[in-house]
Amino acid sequence: MATDRDRRDVRRERARGPRGARRPLPDGEQFFTPGATGLRKAVEARSATPMTFLFTQVPRWVTPAVLVALLLAGLAVPGWPGAVAVLPVLAFVGWLAYLSWPSLGAGGRVLRVVMLAFLLVLAADRFGAF
């Protein structure tokens, strides 16, 4: 029987290949929420292409590096330029929170709500609401 370590090794071997080869999609759960209807189904369908591009075609370090740089700029730069830097981070975190919400426990949901609230307060502060 295959262990978790064996599965990780197999995935790692599949991800390796000639330079410039695209990384395969990860094994695991379904990409779409089973039985989703309405808004969730539409958001998941429209998110499929950007999410696939972000997580398979762009080097793994690019997305977190850009988000950290934007967040640091939002924390360091006063006024509306700082708020504008925080808005893409807020949108990305909100998007991921919405997509992952059905599979989260109570702790994960609270953490995402707290993070979104922090980013909203930071953006509002930089826009001069406080």
Side-chain angles (χ1 to χ4, degrees):
M1 175 162 245
T3 64
D4 286 339
R5 185 181 186 124
D6 294 334
R7 288 186 195 109
R8 279 193 301 261
D9 290 342
V10 167
R11 278 189 230 139
R12 199 173 294 129
E13 287 299 319
R14 272 193 252 151
R16 291 185 188 150
R19 285 205 172 264
R22 294 179 176 178
R23 286 194 315 244
L25 291 174
D27 294 334
E29 299 177 20
Q30 296 177 351
F31 183 72
F32 297 104
T33 304
T37 60
L39 179 64
R40 172 161 294 284
K41 187 174 184 177
V43 169
E44 288 178 353
R46 294 190 130 231
S47 296
T49 301
M51 187 177 279
T52 302
F53 177 76
L54 272 178
F55 298 123
T56 61
Q57 304 308 310
V58 175
R60 291 181 185 197
W61 59 268
V62 170
T63 303
V66 168
L67 291 172
V68 167
L70 287 170
L71 182 60
L72 289 175
L75 289 168
V77 177
W80 67 268
V84 170
V86 172
L87 290 179
V89 178
L90 177 64
F92 187 80
V93 171
W95 174 57
L96 286 181
Y98 181 78
L99 291 176
S100 65
W101 196 264
S103 64
L104 296 174
R109 290 179 178 183
V110 168
L111 183 63
R112 276 147 181 94
V113 169
V114 168
M115 184 64 179
L116 287 170
F118 166 75
L119 291 171
L120 277 171
V121 169
L122 178 62
D125 179 56
R126 294 300 184 234
F127 274 126
F130 299 111

Distance-only donor-acceptor pairs under 3.5 Å for side chains of residues 106-117, two or more places apart:
from   : atom 1 : to     : atom 2 : distance (Å)
Arg109 : NE     : Trp101 : O      : 3.3
Arg109 : NH2    : Trp101 : O      : 3.0
Arg112 : NE     : Ser100 : OG     : 3.4
Arg112 : NH1    : Gly108 : O      : 3.2

Donor-acceptor contacts, no H, no angles, side chain residues 92-99, under 3.5 Å, sequence neighbours left out:
from  : atom 1 : to    : atom 2 : distance (Å)
Trp95 : NE1    : Ser47 : OG     : 2.7
Tyr98 : OH     : Arg40 : N      : 3.3

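Residues Leu90 and Phe118 form no side-chain contact, since every pair of their non-hydrogen atoms from C-beta on lies 4.5 Å or further apart. A heavy-atom distance below 4.5 Å is found between the side chains of Leu119 and Leu71.
Listed by chain and number, the residues in a side-chain contact (heavy atoms from CB on, under 4.5 Å) with Val68 are Leu72 (sequence neighbours excluded). By the side-chain contact (heavy atoms from CB on, under 4.5 Å) test, Ala124 pairs with Ala129, Phe130, sequence neighbours left out. Not counting sequence neighbours, Trp80 has no partner by the side chain to side chain donor-acceptor pair (under 3.5 Å) test.
Residue pairs meeting the side-chain hydrogen bond (donor to acceptor under 3.5 Å, both in side chains) criterion with at least one partner in residues 119-130, sequence neighbours excluded, are absent. Residue pairs meeting the side-chain hydrogen bond (donor to acceptor under 3.5 Å, both in side chains) criterion with at least one partner in residues 64-76, sequence neighbours excluded, are absent.
Nearest heavy-atom pair across Leu87 and Ala123 is CD2-CB, 4.3 Å. Heavy-atom minimum distance, Pro88 versus Leu70: CB-CD1, 3.9 Å.
Through side-chain heavy atoms spaced under 4.5 Å, either directly or across other Ile, Leu, Val, Met, Phe, Trp or Tyr residues, Val77 is tied to no other residue.
Two different hydrophobic clusters hold Val43 and Leu104 under the rule that ILVMFWY side chains link at heavy-atom gaps under 4.5 Å.
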